[in-house]
*Asks:* 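One structure follows; several queries about it will come next.
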Amino acid sequence: MACAHMVSSRPALIAGVDPNQIVAHGMAATPAELRKPANAGVGRIVVDSPTAVALLATGVRRPQAVQVRVSPDDDLREHSSFGVALTDGHAADAIQRALDQPMLHLVGLQCHIGSQVTDASLYGEAIRQMVPLMAEIRARHGVILTELNIGGGQGVSYVSGDPELDLDALRDFVDDALDASCAAERFPRPTLVVEPGRAISARAGVTLYRVLWVQSHPGGRTLVVVDGGLSDTPRVPLNVDGYTVAVANRHPITPTQPMTVVGRQCDSGDEIARDVQLPADLHAGDLLAVACTGAYHHSMASTYNMVGRPPLVAMKDGRTRELVRRETIADLLSRERVYKEPPPTRRGRADSGCESLLDGE
């Protein structure tokens, strides 16, 4: 199955993904965001609150399979704030509401323990909490849930030395936890769903920047200013400490020195990488390649400070193909409206007085 945010399920459908293979979810989804994937026939919708259950139930036109997102207890809660809490009754309430809705078919639970998780044992602990809940649902409601979605968050290495999730260890912890928990509860082993997400796409992307200038500051700090920044690399001020950076247009032969790569957004958080080793002769015009940017850069890019988003280019076998074109000033202005005094009309009908700044182009 392919897991997608409520909003991004539409691009997945346009790309030709089988709707029945899509698991759509998203924290605090709006009624429209819940309704659209349901009407498109996606295989599963994950609901994260009793309210989401009610909103979805009022918008579906056909039976819809759902999973309820449950947040683990306090020992794992620090890793995730998504879903209904396991220990305060909210999970039971959401599950009851889902079972009460004739158009919703509760097939399983979903559990997301956080982002950039590198300790495989945490997934085992999550399973040990979810299986007893599934057994409780069987005892209380007579329903056997057949799916357990342990979510994503698998950590990847952004810079050398970063920890990353060991997939062999993940397999072992998951298998052991399922075997032990299901045996203890005499519960049939459910189908396990994993959402690799970042673990697949992060390494597939590389962001290229052009060096605009190199500045040496008192105290020995050297700044490398590039033609991008916070608008296309939003993860540094959020939860990524930095990226691996290398010169892409030549093979440097000079010694390296620590430099900090910064953007042009005039913001204190506009740093791409701090104290990375780059050649001492780095100069304006050089290209820098920032690795491991395939997961969130394009999807989270913005028009911060009215800077257009960069293009997205695919490369295979030495050939390139533009997938998304560069955003232009015309794109940025296309939604702007100006107000004009509406001219009087004979029948009292007036124009809206609003038109695009680009009308007539």
Side-chain angles (χ1 to χ4, degrees), residues 116 155-162 164 198 200-328:
Q116 270 297 89
V156 298
S157 175
Y158 285 100
V159 297
S160 178
D162 271 359
E164 59 183 327
R198 179 212 312 258
I200 293 177
S201 59
R203 297 180 181 88
V206 175
T207 300
L208 294 179
Y209 292 104
R210 183 78 64 181
V211 175
L212 299 180
W213 69 82
V214 180
Q215 293 180 330
S216 295
H217 286 247
R221 191 181 185 203
T222 300
L223 298 182
V224 180
V225 183
V226 298
D227 61 347
L230 194 59
S231 59
D232 50 76
T233 309
R235 300 295 288 182
V236 173
L238 294 177
N239 61 3
V240 172
D241 292 332
Y243 294 90
T244 298
V245 183
V247 177
N249 61 305
R250 59 189 175 93
H251 294 286
I253 57 175
T254 59
T256 62
Q257 66 182 65
M259 300 183 185
T260 296
V261 182
V262 301
R264 53 174 179 166
Q265 306 290 2
C266 299
D267 192 291
S268 58
D270 193 14
E271 286 189 357
I272 296 170
R274 179 183 286 268
D275 294 334
V276 293
Q277 293 293 324
L278 291 171
D281 65 346
L282 191 72
H283 56 265
D286 276 337
L287 279 179
L288 295 183
V290 180
C292 211
T293 60
Y296 294 107
H297 285 62
H298 173 65
S299 62
M300 294 181 68
S302 70
T303 56
Y304 188 93
N305 274 353
M306 292 293 285
V307 174
R309 287 168 287 193
L312 182 65
V313 179
M315 186 188 323
K316 182 179 180 181
D317 299 329
R319 293 177 295 177
T320 61
R321 181 163 62 96
E322 187 178 62
L323 302 179
V324 179
R325 65 171 174 80
R326 183 181 298 278
E327 196 165 32
T328 66

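Being a predicted model, the structure only gives us computed values, none of them experimental.
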*Asks:* Do the non-hydrogen side-chain atoms of Thr293 and Thr233 ever get within less than 4.5 Å of each other?
*Replies:* no
*Asks:* Which heavy-atom pair separates Ser216 from Thr222 by the least distance, and what is that distance?
*Replies:* OG-OG1, 3.9 Å
*Asks:* By side chain to side chain donor-acceptor pair (under 3.5 Å), which residues pair with Ser201, not counting sequence neighbours?
*Replies:* none
*Asks:* Kindly indicate, with the supporting measurements, whether the criterion side chain to side chain contact (heavy atoms under 4.5 Å, CB included) is fulfilled by Val324 and Val313.
*Replies:* CA-CA 7 Å; Val324 179; Val313 179; over 6 Å; no
*Asks:* Looking at every heavy atom in both Val245 and Ala273, which two are closest together, and how far apart are they?
*Replies:* CG2-CB, 3.8 Å
*Asks:* I need the full list of salt bridge (Lys or Arg N to Asp or Glu O under 4.0 Å) pairs touching residues 281-305, with sequence neighbours left out, sorted by first then second residue.
*Replies:* Arg250-Asp281, Arg250-Asp286
*Asks:* Give every residue pair that meets the ring-ring contact (aromatic ring centres under 6.0 Å, His included) criterion with at least one member in residues 202-226, sequence neighbours excluded.
*Replies:* none
*Asks:* What residue pairs, at least two apart or across chains, pass salt bridge (Lys or Arg N to Asp or Glu O under 4.0 Å) with a residue in residues 222-231?
*Replies:* none
*Asks:* Using the test side chain to side chain donor-acceptor pair (under 3.5 Å), find all partners of Thr256 that sit at least two apart in sequence or belong to another chain.
*Replies:* Gln277
*Asks:* Within this structure, what is the CD-CD distance for the pair Gln116 and Glu164, rounded to the nearest 0.5 Å?
*Replies:* 9.5 Å
*Asks:* Report yes if some heavy atom in the side chain of Leu278 is under 4.5 Å from a heavy atom in the side chain of Val261; otherwise report no.
*Replies:* yes
*Asks:* Please name all residues satisfying side chain to side chain donor-acceptor pair (under 3.5 Å) with Arg326, sequence neighbours left out, ordered by chain then number.
*Replies:* none
*Asks:* Just how far is it from atom CG of Leu212 to atom CZ of Arg264, taken to the nearest 0.5 Å?
*Replies:* 6.5 Å
*Asks:* Of the non-hydrogen atoms in Gly269 and Leu230, which two are nearest, and what is the gap between them?
*Replies:* O-CD1, 4.1 Å
*Asks:* Report the residues that fulfil side chain to side chain contact (heavy atoms under 4.5 Å, CB included) with Ala289, sequence neighbours left out, ordered by chain and then residue number.
*Replies:* Val206, Leu208, Ala248
*Asks:* Return the minimal non-hydrogen interatomic distance between Cys292 and Ser157, and the atom names on each side.
*Replies:* SG-O, 3.9 Å
*Asks:* Over all heavy atoms of both residues, which pair between Ala314 and Leu323 is shortest? Give the atoms and the distance, please.
*Replies:* CB-CD1, 3.7 Å
*Asks:* Using a cut-off of 6.0 Å, state whether more than 12 heavy atoms not belonging to Ile253 lie near its atom CD1.
*Replies:* no
*Asks:* Would you please test Leu288 and Val247 for side chain to side chain contact (heavy atoms under 4.5 Å, CB included) and show each step?
*Replies:* CA-CA 5 Å; Leu288 295 183; Val247 177; 4.1 Å; yes
*Asks:* Tell me the salt bridge (Lys or Arg N to Asp or Glu O under 4.0 Å) pairs involving residues 300-321, sequence neighbours left out?
*Replies:* Arg309-Glu327
*Asks:* Restricting to pairs with a member in residues 205-217, which pass salt bridge (Lys or Arg N to Asp or Glu O under 4.0 Å), not counting sequence neighbours?
*Replies:* none
*Asks:* In sequence, state the C-alpha distance, the side-chain angles, and the governing distance for Arg198 and Val156, and then conclude on side chain to side chain contact (heavy atoms under 4.5 Å, CB included).
*Replies:* CA-CA 8 Å; Arg198 179 212 312 258; Val156 298; 3.6 Å; yes
*Asks:* For Arg325, give me all partners under salt bridge (Lys or Arg N to Asp or Glu O under 4.0 Å), at least two apart in sequence or on another chain.
*Replies:* Asp331
*Asks:* List the steps and the verdict of side chain to side chain contact (heavy atoms under 4.5 Å, CB included) for Met300 and Asp232.
*Replies:* CA-CA 7 Å; Met300 294 181 68; Asp232 50 76; over 6 Å; no
*Asks:* Quick one: ring-ring contact (aromatic ring centres under 6.0 Å, His included) pairs with a partner in residues 261-318, sequence neighbours left out?
*Replies:* Tyr243-His297
*Asks:* Examine the side chains of Gln265 and Ser231 and answer whether a donor and an acceptor come within less than 3.5 Å of each other.
*Replies:* yes
*Asks:* I'd like to check the salt bridge (Lys or Arg N to Asp or Glu O under 4.0 Å) partners of Asp267; sequence neighbours left out, ordered by chain and number.
*Replies:* none
*Asks:* Less than 4.5 Å apart, any side-chain heavy atom of Val224 and any of Val262?
*Replies:* no
*Asks:* State plainly whether the residues Arg221 and Glu271 are in salt-bridge range, i.e. N to O under 4.0 Å.
*Replies:* yes
*Asks:* Please name the pair of heavy atoms, one in Asp270 and one in Gly228, separated by the smallest distance, quoted to 0.1 Å.
*Replies:* OD2-O, 4.5 Å
*Asks:* Going from CG on Leu223 to OG1 on Thr260, what distance comes out if it is rounded to the nearest 0.5 angstrom?
*Replies:* 6.0 Å
